[in-house]
Amino acid sequence: MKSLPLAALVALHLALAPAAQAKLSRAESAMAKTVAAEQARSLALLEKLVNQNSGSLNLEGVEKVGQMMRAELEPLGFKVEWKPMTDTGRAGHLIATHAGNPATKRLLLIAHLDTVFEPDSPFQKFTRKGDMGEGPGASDDKGGMVVIVAALRAMQTAGTLKDANIEIHMTGDEEDSGSPIEKARADLIAAGKRSDVALDFEGLVRDGPGDSGGADMGSVARRSSDSWTVTATGKSAHSSGIFSAAAGDGAIYELTRIIARFRTELPEPNLTFNVGLIAGGQQAELDAGGIRATVNGKTNIIAPIAIARGDLRALSPEQIARVKAKMASIVAEHAPGTDAKIAFDPGGYPSMAPTDGNRALLTKLNGVNRDLGLAEMAPLDPLKRGAGDISFVAADVDGLAGLGPHSTGDHAPGEAVDIPSIARQATRAAILMSRLSAEKR
């Protein structure tokens, strides 16, 4: 892999004007220089991580990525623990702690070891294509882990890491969480309760026009993710009797009535709801995972069963509860000769509401941006960001998401990380974490 000269890296990856550099402390200037000088090291680490498959169900592969991260964090003074999660059906989590000044704020850094690409995916290797690095998990979230390492190494070189209280949770099942979710996220939730700030290193989102995808945005909110199942039933009878008092409307008409009411009566700001699977007929049933359906029927038989599965994403616990109640009330009203029930899957992802505390953290990040000579980051519309692990701690601690690198094509073959954004995000993170970790509790 070719590396750029230091001067070119500083110019390309940090874009710091001399006037802006003067606003940084000596230690902060040292951090910026370290990130730039170690960009080739960061890219080599990224390639190594990407080339190790760590699909959520590849338990051995996820643990191997955890071992790679252990090798990066222990030399920085972190106490590293591997927390097995095989009883939830997943590999486990990497938890690393660095004890500093007990009087200063405790930072919680969140990332994940797994990807959506299992060993049978044809998309397996890292490829450098100019300023883009293509590969499975190159951004989501192996690029985020690289940003964490680069930022911490810069802090160590500058002397700001030794007094910092930092706890890192790298989950092994963010893309496909283990069950029960209460156990799979127990350690992360506990960490949120003892922390003062949570920083999430999933990808940076850009928004607006421009060849690079728009302006860098700050993520102060993430929506929830829940799944639901509606099962409608009716009377099996000859199709000639459809809509009669004796036969009723049948299960498929009942299900479509419910879904149509969802579409017209549920919409409100920051809410989305999708129907991802639907099946109905003389017989219909879902597999154990709820992702496949077996169905049969005839045109001259009124369908006695119909099933739909979908998701629900909202911005606050109050919105989630209100919308679920409204869905239940719609399902409770039945067409003639039918019945229906709705069930919400256990173990959904909670929301991260846009609190004043989260906005205050973005203000502090924008202070870093000003001192680096970078543009201010506006709050991202939460409709443009999916669910994530930081939401499990959002009720207990102020947080900021999207501190990883920018990318394109996440969750699909061709996923690619924007390489210059790795250095920029690592520099931002190193300075922000140094400033936060110096604040009194």
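Worth knowing before you read on, the calculation uses all heavy atoms, side chains too, and leaves out hydrogens, waters and symmetry mates.
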Asker: Please say whether more than 12 non-hydrogen atoms of neighbouring residues, nucleotides or ligands are located less than 6.0 Å from CZ in R322.
Answerer: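 Above 12, so yes.
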Asker: Counting only N and O atoms by type, is there a donor-acceptor contact under 3.5 Å from the side chain of D173 to the main-chain atoms of G178?
Answerer: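 Checked: pair present.
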Asker: Taking everything shown except R194 itself, do over 12 heavy atoms lie less than 6.0 Å from its CZ?
Answerer: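 Yes, because the 6.0 Å sphere around CZ of R194 holds more than 12 heavy atoms from other groups.
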Asker: Does atom CD of E60 have more than 12 heavy-atom neighbours, drawn from other residues, nucleotides or ligands, at distances under 6.0 Å?
Answerer: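 No, the 6.0 Å shell around CD holds no more than 12 heavy atoms from other groups.
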Asker: Using side chain to side chain donor-acceptor pair (under 3.5 Å), reason through Q283 and N296 one step at a time and then give a plain yes or no.
Answerer: CA-CA 5 Å; Q283 293 178 315; N296 65 72; 2.9 Å; yes
Asker: Only one of T97, I166, D196, V397 clears side-chain contact (heavy atoms from CB on, under 4.5 Å) with R106; which?
Answerer: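 Only match with R106 under side-chain contact (heavy atoms from CB on, under 4.5 Å): D196.
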Asker: Could you check R222 against D200 for salt bridge (charged side-chain N to carboxylate O under 4.0 Å, His left out), going step by step and ending with a plain yes or no?
Answerer: CA-CA 11 Å; R222 300 189 74 154; D200 160 61; 3.0 Å; yes
Asker: Considering only heavy atoms from C-beta outward, does the side chain of T229 approach that of D345 to under 4.5 Å?
Answerer: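 Yes. Closest side-chain heavy atoms under 4.5 Å.
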Asker: Please check this pair: side chain of T231 against backbone of K341, looking for a donor-acceptor N/O pair closer than 3.5 Å.
Answerer: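 Side chain of T231 to backbone of K341: no pair is present.
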Asker: What do the steps show when you test D398 against K364 for salt bridge (charged side-chain N to carboxylate O under 4.0 Å, His left out), and what is the final call?
Answerer: CA-CA 12 Å; D398 296 332; K364 292 179 181 181; over 6 Å; no
Asker: Are L436 and E439 side-chain neighbours, meaning at least one heavy-atom pair lies under 4.5 Å?
Answerer: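 Yes, their side chains come closer than 4.5 Å.
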Asker: Looking at R185, H169, M352, which one forms a side-chain contact (heavy atoms from CB on, under 4.5 Å) with D389?
Answerer: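 Result: among R185, H169, M352, R185 is the only option passing the side-chain contact (heavy atoms from CB on, under 4.5 Å) with D389.
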Asker: Between M145 and L113, is there a side-chain heavy-atom distance shorter than 4.5 Å?
Answerer: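 The answer is yes; the side chains approach within 4.5 Å.
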Asker: Would you call the rings of H98 and F78 parallel, tilted or perpendicular if under 30° counts as parallel and over 60° as perpendicular?
Answerer: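 Judged by the thresholds at 30° and 60°, the geometry between H98 and F78 is tilted.
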Asker: Ignoring hydrogens, what is the shortest heavy-atom contact between I302 and A247? Give both atom names and the distance.
Answerer: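 Nearest heavy atoms, I302 then A247: CD1-CB, 3.7 Å.
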Asker: Any salt bridge linking E72 with K48? Criterion: basic side-chain nitrogen under 4.0 Å from a carboxylate oxygen.
Answerer: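 The answer is no: the pair does not qualify as a salt bridge.
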Asker: According to the ring-ring contact (aromatic ring centres under 6.0 Å, His included) rule, which pairs have a member within residues 365-394, sequence neighbours left out?
Answerer: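 Counting only pairs at least two positions apart or across chains, the ring-ring contact (aromatic ring centres under 6.0 Å, His included) contacts touching residues 365-394 are Y349-F392.
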Asker: Would you say that I148 contacts M170 through its side chain, given a criterion of any heavy-atom pair below 4.5 Å between the two side chains?
Answerer: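 Yes. Closest side-chain heavy atoms under 4.5 Å.
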Asker: Is a side-chain N or O of S329 found less than 3.5 angstrom from the main chain of K326, in a donor-acceptor match?
Answerer: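 Yes, S329 side chain to K326 backbone: donor-acceptor pair under 3.5 Å.
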